[in-house]
Protein chains: 2
Amino acid sequence: MAGPVTLQDVADHAGVSRATASLVLRETGRVSTQTRQRVTEAMSTLGYVYNRGAASLRTQTANTIGVVVTHIASPFFGEAIHGLETGLTDSGYLPLLVNTDDDPGRQQDAIQKLREHQVAGLALVPATGTKPSLIDQLRAWNMEHVLVSRYIKDVDAPYVGADDVVGGRLAATHLIETHESSSIAYLGGLPAIMSRTDRTNGVKQAMARHGLDPTSLVDVPGAVTGAGGLELGQHLIASGLPLPDGIICHSDSVAFGLYRALRIHGLGTETRVIGYDNIGGAALWEPPLTSVATQGEALGRRAARMLLERIKEPGAPTSIDKTIPELAIRQSCGCP
Amino acid sequence: MAGPVTLQDVADHAGVSRATASLVLRETGRVSTQTRQRVTEAMSTLGYVYNRGAASLRTQTANTIGVVVTHIASPFFGEAIHGLETGLTDSGYLPLLVNTDDDPGRQQDAIQKLREHQVAGLALVPATGTKPSLIDQLRAWNMEHVLVSRYIKDVDAPYVGADDVVGGRLAATHLIETHESSSIAYLGGLPAIMSRTDRTNGVKQAMARHGLDPTSLVDVPGAVTGAGGLELGQHLIASGLPLPDGIICHSDSVAFGLYRALRIHGLGTETRVIGYDNIGGAALWEPPLTSVATQGEALGRRAARMLLERIKEPGAPTSIDKTIPELAIRQSCGCP
DNA sequence: AATGCTGGGACCGGCGATCTA
DNA sequence: CTAGATCGCCGGTCCCAGCAT
């Protein structure tokens with residue numbers, strides 16, 4: 001009646017010792033078929049449930065992974081988390097999920113908590129303003145970790161993400177080569193994050209290669225959300241300056257917001273727009289949104305794989321996995 | 001060097017017993033200020049980390065909650081998970097997240113795993129085809145649970161969701177009263193889920209009340225995704241029948257897909273559309289999408305609250321929390 | 001004698017090195 | 001050499017006894 005069924009109960013019921021029951025449980029060691037069967041039977045008749053916490057305590061290993069994310073509800077991170085979850089559970093791990101709302105303080109608290117839970121590793125989308133010392137801490141704590149989708153300047157840490165320089169270049173090159181854009185804007189994204197710097201650098205590279213002045217890039221940082229895109233779009237229009245020929249948005253959501261702003265002012269078809277991440281909704285947008293495909297779900301799966309490899313091989317050198325994105329060309333860029 | 005710092009190490013360093021150190025840790029019992037300080041100091045100089053697993057083993061209580069979801073990356077569940085995570089972490093709990101892809105088998109596996117982790121409770125979006133016996137099991141296992149956003153027919157279980165009958169009625173009433181729709185379709189959503197039945201019933205109620213034949217409802221079940229909406233929309237158009245005056249979609253994503261289908265055939269403004277859930281992107285859509293607001297994030301927070309209450313008071317009677325949704329009126333329904 | 005603090009040691013539920021028949 | 005048993009251990013928690021005031 002009272003308390004859970006323990007391995008001792010199973011052993012008693014089967015007339016063997018705890019140790020033997022444990023061997024049966026883990027399908028290891030040498031146990032006769034008869035004994036094995038008796039134990040297995042006892043387990044099911046008693047309704048035994050393995051206590052992973054007790055085992056973890058003894059073996060000093062956990063099968064949980066901390067997943068710390070800045071914006072749990074954003075479409076892109078939704079896809080990335082999906083891939084991460086798949087990769088982890090496929091290997092018998094379980095993610096402990098925490099949202100930081102991009103606040104380094106909450107991030108620190110979260111990591112502390114996860115440490116108390118003795119997670120086997122940490123997949124981290126670092127909040128803007130994360131100090132390099134965090135990585136030093138993680139290393140000092142022997143906490144295996146992988147940064148996902150955002151990295152920290154001049155810090156040597158395992159990383160999985162898209163190659164954002166290429167992403168920016170791809171988008172700009174298409175606008176310039178195919179659509180003869182001569183003035184370009186980059187809209188949205190917090191200025192402090194490296195992926196934004198990389199992308200704008202990629203854009204500038206493309207501009208320079210095609211004889212455009214890179215300093216002419218209209219660089220408008222801001223939130224990464226749809227609301228952010230709307231606001232930035234309103235600003236851009238209200239500035240009174242002529243609209244850039246091509247606008248590259250920091251995310252598809254920003255592009256959606258931008259379109260709302262354009263439409264409010266009857267400018268829905270006045271410029272060419274490219275989004276970023278190619279989330280599921282991009283293809284349904286009107287006009288169907290051309291977007292730099294970073295493949296969130298695959299990215300999440302790769303992050304899981306890298307993290308699990310590092311857990312298996314703790315001494316491994318830090319590896320960087322920057323996938324080359326592709327441009328999903330649709331109509332918002334002006335293509336027919 | 002070897003192994004983690006334990007409470008014993010802290011006690012030794014501070015010159016007290018483990019028990020005393022433990023009292024300091026938990027800020028309970030009577031410990032002199034001096035002793036407390038010495039212990040606290042020892043903890044920080046040694047870099048002590050609380051081992052929650054060990055504590056959980058002894059106290060037979062966990063502070064993790066299983067969160068089992070059908071579609072981790074869908075915008076609506078993203079918002080709901082966000083609220084859930086907020087509610088849980090605010091109370092010192094941590095969510096163990098598992099995705100089922102709407103597969104009851106994977107769901108069963110997931111719950112088994114979570115049981116082995118001795119989670120304190122379970123927030124479950126039941127996969128379609130979940131048998132009522134699952135709830136019996138949960139009860140027999142003394143596993144506190146709350147169903148989120150989907151419930152199971154004729155099963156008495158704690159539930160947090162929107163009142164879908166009202167939701168359906170709200171949408172249909174608006175189409176009929178304000179826009180004089182006389183033919184209505186309900187698009188998307190798996191036929192087996194109760195929330196869909198509730199919504200279509202609400203729609204039929206509204207039709208009957210306004211002198212329309214409820215059996216004339218064009219009922220088109222299907223996937224809840226944007227791709228699903230696109231496919232169903234294509235079908236609807238290809239059927240050659242005249243387009244219904246008003247189309248209520250099972251989710252905003254379905255509505256997005258439907259619009260793509262309409263636009264492919266140049267019918268983008270030929271009917272009135274209402275979505276469901278009012279996700280963040282609905283307001284940005286062209287035309288801005290009228291949608292039944294179920295408030296995913298608040299729903300998640302309420303689910304967390306109910307679950308935590310049940311954990312605190314295990315004997316409590318099952319409560320049902322059906323929030324009355326509101327209609328977020330924009331332009332897709334034909335409003336100016 | 002009562003009160004306030006601290007120490008000893010038995011747990012929780014598995015694991016695994018060592019030992020026995 | 002094999003099937004199986006013994007028992008201490010992982011790192012906290014908490015009851016109970018002890019000791020100082």
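Hydrogens, waters and symmetry mates play no part in the numbers below; they use all other heavy atoms, side chains included. All chains are named by letter (A, B, ...) in the order of the sequence lines, taking the proteins before the strands, and each is independently numbered beginning at 1. None of the values given here were measured: they were computed from a predicted structure.
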Atom-pair distance ([atom1] on [X]; [atom2] on [N]), nearest Å:
| X | N | atom1 | atom2 | value |
| --- | --- | --- | --- | --- |
| B/Leu7 | D/dG11 | CG | C1' | 8 Å |
| B/Arg38 | C/dT6 | CZ | P | 8 Å |
| A/Leu23 | D/dA5 | CG | C1' | 11 Å |
| B/Leu57 | C/dC11 | CG | P | 14 Å |
| B/Asn51 | C/dG13 | CG | P | 16 Å |
| B/Met43 | D/dG11 | CE | C1' | 15 Å |
| A/Asp9 | C/dG13 | CG | C1' | 10 Å |
| A/Glu116 | D/dG12 | CD | C1' | 13 Å |

Looking at [options], which one has an atom nearest to any side-chain atom of [X]?
| X | options | value |
| --- | --- | --- |
| A/Ser32 | C/dC12, D/dG4, D/dG12 | D/dG4 |
| A/Ala54 | C/dG16, C/dG14, D/dG11 | C/dG14 |
| B/Val31 | C/dT6, C/dG13, D/dC14 | C/dT6 |
| A/Leu25 | D/dG4, C/dT6, C/dC15 | C/dC15 |
| A/Gln60 | C/dG13, D/dC10, C/dT6 | D/dC10 |
| A/Ala55 | C/dC12, D/dA3, C/dC15 | C/dC15 |

Are the side chain of [X] and the backbone of [Y] linked by a donor-acceptor contact shorter than 3.5 Å?
| X | Y | answer |
| --- | --- | --- |
| A/Thr40 | A/Arg36 | yes |
| A/Arg18 | A/Gln8 | no |
| A/Thr130 | A/Pro126 | no |
| A/Arg301 | A/Gly87 | no |

> Just checking, any donor-acceptor pair under 3.5 angstrom between side chains of B/Gln137 and B/Gln108?
Replying inline: yes

> If you measure only the distance, is there a donor-acceptor pair under 3.5 Å linking the side chains of B/Gln118 and B/Ser56?
Replying inline: no

> How is A/Thr35 classified with respect to the nucleic acid when contacts are heavy atoms under 4.0 Å: base, sugar-phosphate, or nothing?
Replying inline: sugar-phosphate

>> Students often get this wrong, so: under 4.0 angstrom with heavy atoms, is A/Val49 touching a base, only sugar-phosphate, or nothing?
In response: sugar-phosphate

> With no angle test and no hydrogens, is the base of D/dC10 tied to the side chain of A/Arg58 by a donor-acceptor pair under 3.5 Å?
Replying inline: no

> Is it true that B/Arg305 and B/Asp90 make a salt bridge, defined as a side-chain N closer than 4.0 Å to a carboxylate O?
Replying inline: no

>> Test side-chain hydrogen bond (donor to acceptor under 3.5 Å, both in side chains) on A/Asn99 and A/His71; report intermediate values, then the result.
In response: CA-CA 6 Å; A/Asn99 187 50; A/His71 302 288; 5.8 Å; no

> Has A/Arg26 got a side-chain N or O lying under 4.0 Å from the OP1 or OP2 atom of C/dG16?
Replying inline: yes

> Taking DNA chain D as the partner, which of residues 12-22 of chain B come within under 4.0 angstrom of it by heavy atom?
Replying inline: B/Arg18, B/Ala19, B/Ser22

